[in-house]
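Take a look at the structure below.
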Amino acid sequence: MHKRDAACSCGQLQVTVEGEPVRVSVCHCLACQRRTGSTYGFQARFPREQVRMTGEAREYTRISDAGEARTFSFCPECGATVSYLVASAPDVIAIPVGAFADPGFPPPAVSVWESRRHGWVVTPAGAERRD
Ligand SMILES: [Zn+2]
Ligand SMILES: [Zn+2]
């Protein structure tokens, strides 16, 4: 099975995933903008059993506007998030795609919170759009 490695900025916290992601999305919500320091989050979900994390992580749980918990695992040294859990989808683990440092990663098929999208950001043709 295809393996991919993700890591934090300093390399202390690593994630290995096997197989292809079950969902690749971008999210333009304001919470993702704050978390990433960028204009949108770009993440891929993998079946939980195909994800292995090594290194020391700290966790931060945020409650979404819909009242749903999201728990982020980040490196206590450099602060980069390498995975997170969504309470409504306990069978998958989301990995911020940037942590793979792989420009060949599959593009997003879903674009969430389009109403918060910065005007210059272009949603890929064919992606499902949600407000
Ligand atoms: Zn680190
Ligand atoms: Zn978001």
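All ligand and atom numbering here is 1-based and tracks the order in the structure.
- Here the straight-line distance linking atom OG of S83 with atom CD1 of I95 works out to 5.0 Å at 0.5 Å rounding.
- Under 4.0 Å is where a charged nitrogen must lie from a carboxylate oxygen, and between E114 and R116 no such pair does.
- Distance OH/Y40 to NE2/H118: 11.0 Å, rounded to 0.5 Å.
- The aromatic rings of Y84 and F72 are tilted relative to each other, their planes meeting at an angle between 30° and 60°.
- Rounded to 10 degrees, the SG-metal-SG angle spanning C75 and C8 at the Zn ion (ligand 1) equals 110°.
- Of the angles at the Zn ion (ligand 1), the one spanning SG of C78 and SG of C10 is 120° when given to 10°.
- For the Zn ion (ligand 2), the count of nearby protein N/O/S atoms, taking only those under 2.8 Å, is 3.
- Using bins of under 30°, 30° to 60° and over 60° for the plane-to-plane angle, the ring pair F100/F105 lands in the parallel bin.
- Residue V24 is grouped with residue V15 when hydrophobic side chains (ILVMFWY) are merged at heavy-atom distances under 4.5 angstrom, including chains of intermediate members.
- Looking at R4 and E20, a side-chain N of the basic residue comes within less than 4.0 Å of a carboxylate O on the acidic one, giving a salt bridge.
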